[in-house]
Amino acid sequence: MQLDVSAAAAAGETRVAVTPETARKPLLIGVPKETAAGEKRVATVPEVVEKLVKLGFSVAVESGAGDAANCSDDSYRAAGAQVIAGAAQLFAASDMVFKIGVPTAEEVGLMHAGQTLITFIWPAQNPELMKQLADKKVTVLAIDSLPRTLSRAQKMDALTSQAGVAGYRAVIEAANAFGRFFAGQITAAGKVPPAKVFIAGAGVAGLAAIGTAVGLGAIVRANDTRAEVADQVVSMGGEFVKVDYEEEGSGGGGYAKVMSEGFQQAQREMYAKQAREVDIIITTALIPGKPAPRLITAEMVKTMKPGSVIVDMAAERGGNCELTEPGKAVVKHGVTIVGYTDLASRLAKQSSTLYATNLLRLTEELCKTKDGLINVNMDDEAIRGLTVVKEGNITWPPPAPKVAAAPPAAKPAAAAAAPAAKKGNGHGAASAPMAGTKLAIMFGVVAALFWFVGANAPTAFLGHFTVFVLACFVGYMVVWNVTPALHTPLMSVTNAISSIIAIGALVQIAPPLAGGAAPDAWIRWMAVGGIALTAVNMFGGFAVTQRMLSMFRK
């Protein structure tokens with residue numbers, strides 16, 4: 001099956017040709033076995049294969065591709081995939097190829113014109129690879145080039161999903177190399193203090209590491225050049241350690257930027273202090289297209305306590321620690337320095353499932369018609385950012401993202417008030433004076449009503465009426481002065497009514513003062529009934545409140 005690049009190409013799209021011989025044949029997605037040393041992940045899993053088939057695709061998997069991720073060939077067959085022996089046969093038969101690792105020269109040689117490749121490419125670091133892929137006349141979607149600032153792109157963000165797994169695994173590796181518990185304990189044999197963990201960089205991987213270390217009971221501190229992540233660190237249960245230097249560290253696309261020399265000097269001083277105090281350091285600092293910044297020097301390592309651990313998650317790009325050896329765990333100056341470059345691969349099943357789901361969501365965007373045909377729509381900002389090679393033409397880097405139009409400036413208050421004054425009653429009257437007039441009329445009516453009652457009602461009624469008004473006022477002040485967070489609006493109204501009833505009923509039941517007239521028997525019995533109903537309402541309110549509070553207790 002070949003790609004039709006005539007009219008569709010002119011429209012900025014890539015669609016699979018629908019010819020008499022291919023009209024009923026779905027596009028074939030091939031999943032080869034990863035060739036990188038130590039790589040255990042696979043680009044799709046049986047659970048996702050079933051969903052790809054429902055989108056109209058056929059799926060072929062190289063034999064043994066999922067063995068290291070606990071996905072057997074039989075499980076792929078049961079999900080509806082073909083199992084093909086050998087990468088050469090798989091690439092030759094596939095119209096699309098799903099991979100995780102950067103393709104090798106041998107894999108590029110197996111590709112054919114019109115094929116679509118979806119994998120990690122890192123185009124800025126691999127210009128020669130980009131040229132080789134372009135010479136093959138293929139279309140390449142680099143999953144690492146996804147515009148991460150788009151909210152709709154989050155479901156396709158494989159960088160985030162894999163970084164979260166790596167951050168979790170980094171803490172597990174640190175716990176394995178550390179000589180005692182993370183959580184503090186007091187036992188009959190002695191007291192074990194909690195481990196102190198410092199995490200440099202609070203991106204996705206850093207936040208995952210913070211949550212894991214806090215869950216294990218450690219005292220966790222973290223730092224990042226982006227001030228806005230401080231709240232995220234605190235929300236995860238960590239303490240944000242600020243550098244004593246004012247400079248904004250946010251870069252484009254949600255990443256950090258290269259900081260000034262003054263900031264870096266202040267940062268080094270802070271890291272040196274943390275190195276002397278903590279037991280474990282986990283570094284996650286990376287800047288796209290740049291070597292990993294050196295945060296932990298050899299001198300800092302020497303000052304750490306014997307038995308301490310450093311997990312360098314940036315080892316693949318040179319490392320944040322000066323003494324890191326990529327791919328190895330070494331002990332230097334009594335400190336274990338873990339420089340593994342396959343942290344996500346060490347949780348192969350989990351990371352493969354997440355990555356496969358990311359590619360499924362991307363495939364859904366490419367195949368909205370669910371007919372097994374893909375549409376590489378270059379007008380879609382997310383797809384345009386992913387596409388680094390289009391039918392043999394290098395399209396990376398993508399154009400700058402569209403900037404949303406700024407909201408119109410707010411008009412001055414005086415200018416805004418003028419149109420409002422014109423609406424009024426059609427004669428230029430403003431709404432505020434109208435509201436004041438209504439309020440004055442209402443008070444006038446109430447005052448007239450009170451005067452009428454006072455002038456015509458019996459003396460005994462005036463006493464009861466005065467008690468009623470005061471009870472209303474007292475009930476209002478008692479209930480409405482309670483913090484709104486402590487009650488619901490319905491309970492506040494019912495309790496206000498209850499307080500009014502209780503005060504009035506108690507006055508009626510009370511024995512008369514000297515020279516006063518005793519209330520009628522039926523009035524007294526009504527007061528007793530009012531107190532009984534009020535008691536039910538009040539104590540019911542306490543019971544409901546207790547049940548509400550118990551919902552928030554562990």
Side-chain angles (χ1 to χ4, degrees), residues 163-202 204-224 229-242 270-284 295-296 299-313 315 320-321 323-324 328-340 342-344 346-351 549-554:
V165 175
Y168 171 87
R169 184 68 190 196
V171 177
I172 301 304
E173 294 293 343
N176 180 59
F178 192 47
R180 64 171 195 266
F181 306 136
F182 265 44
Q185 296 187 19
I186 299 177
T187 69
K191 179 180 178 181
V192 179
K196 295 180 180 178
V197 180
F198 177 72
I199 297 173
V204 175
L207 291 174
I210 291 171
T212 306
V214 169
L216 291 175
I219 297 173
V220 182
R221 306 169 185 170
N223 169 262
D224 197 283
V229 305
D231 291 339
Q232 299 175 24
V233 171
V234 174
S235 69
M236 297 293 291
E239 174 192 351
F240 187 79
V241 182
K242 193 175 184 297
M270 183 269 290
Y271 283 150
K273 179 181 178 182
Q274 294 299 321
R276 292 191 296 269
E277 296 179 359
V278 301
D279 304 298
I280 296 169
I281 296 177
I282 299 175
T283 64
T284 71
L295 305 178
I296 309 298
E299 291 301 319
M300 295 180 193
V301 175
K302 291 179 182 179
T303 64
M304 296 182 72
K305 292 174 282 189
S308 298
V309 179
I310 297 175
V311 180
D312 193 340
M313 295 185 64
N320 296 137
C321 177
L323 301 180
T324 296
K328 299 179 181 179
V330 296
V331 178
K332 296 184 179 181
H333 307 295
V335 177
T336 302
I337 304 173
V338 179
Y340 297 148
D342 59 347
L343 289 172
R346 288 171 180 254
L347 287 170
K349 177 63 174 180
Q350 182 68 77
S351 53
L549 292 175
S550 65
M551 294 171 61
F552 297 95
R553 296 193 182 104
K554 294 183 179 180

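Residue numbers run from 1 in the order of the sequence given. Side chains included, hydrogens not; waters and symmetry mates left out as well; all remaining heavy atoms used.
- Between Gly339 and Thr324, the closest heavy-atom pair is CA-CG2, 3.9 Å.
- No more than 12 heavy atoms of other residues, nucleotides or ligands shown are found within 6.0 angstrom of NZ on Lys273.
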Would you sort out whether Arg180 and Asp279 count as a side chain to side chain contact (heavy atoms under 4.5 Å, CB included), showing the intermediate values? CA-CA 10 Å; Arg180 64 171 195 266; Asp279 304 298; 3.3 Å; yes
Trace of the side chain to side chain contact (heavy atoms under 4.5 Å, CB included) decision for Glu173 with Arg169: CA-CA 6 Å; Glu173 294 293 343; Arg169 184 68 190 196; 3.0 Å; yes
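- A distance of 5.5 Å separates CG in Leu207 from CD in Gln232, rounded to the nearest 0.5 Å.
- One finds the NZ atom of Lys305 at 12.0 Å from the CZ atom of Arg276 (value rounded to the nearest 0.5 Å).
- Considering every non-hydrogen atom in both Thr284 and Gly201, the closest pair reads OG1-O, 3.0 Å.
- Residues Thr187 and Val192 are not in side-chain contact: their nearest non-hydrogen atoms beyond the backbone lie 4.5 Å or more apart.
- Other residues, nucleotides and ligands contribute only 12 or fewer heavy atoms inside 6.0 Å of the OH atom of Tyr168.
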Determine, stepwise, if the pair Val301 / Ile296 fulfils side chain to side chain contact (heavy atoms under 4.5 Å, CB included). CA-CA 7 Å; Val301 175; Ile296 309 298; 3.9 Å; yes
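- Considering all non-hydrogen atoms of both residues, Gly217 and Pro194 come closest at O-CB, 4.0 Å.
- Annotation for Lys242: atom NZ counts as buried by contact number, over 12 foreign heavy atoms lying within 6.0 Å.
- Residues Thr303 and Ala275 share a closest heavy-atom pair of OG1-CB, 4.2 Å.
- The nearest pair of heavy atoms linking Ser351 to Ala348 is OG-O, 3.3 Å.
- Between Ile310 and Met304 there is a side-chain heavy-atom pair separated by less than 4.5 Å.
- Of all heavy-atom pairs between Met313 and Ile282, the closest is SD-CG2, 4.0 Å.
- The residue from Lys196, Met300, Arg221 that alone fulfils the side chain to side chain contact (heavy atoms under 4.5 Å, CB included) condition with Gln274 is Arg221.
- No more than 12 heavy atoms of other residues, nucleotides or ligands lie within 6.0 Å of CZ in Phe181, so this atom counts as exposed by the packing criterion.
- Atoms CG and CD1, from Asp312 and Ile337 in turn, are 8.5 Å apart once rounded to the nearest 0.5 Å.
- Here the CZ atom belonging to Phe240 is positioned 9.5 Å from the CG atom belonging to Asp231, to the nearest 0.5 angstrom.
- Taken to the nearest 0.5 Å, the CZ atom of Phe178 stands 10.5 Å off from the OG1 atom of Thr336.
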What verdict does the side chain to side chain contact (heavy atoms under 4.5 Å, CB included) test give for Leu323 and His333, after you've listed the backbone C-alpha separation in whole Å, the side-chain angles of each residue and the deciding distance to 0.1 Å? CA-CA 10 Å; Leu323 301 180; His333 307 295; 3.8 Å; yes
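- Rounded to the nearest 0.5 angstrom, Tyr271 OH and Ile281 CD1 are separated by 9.5 Å.
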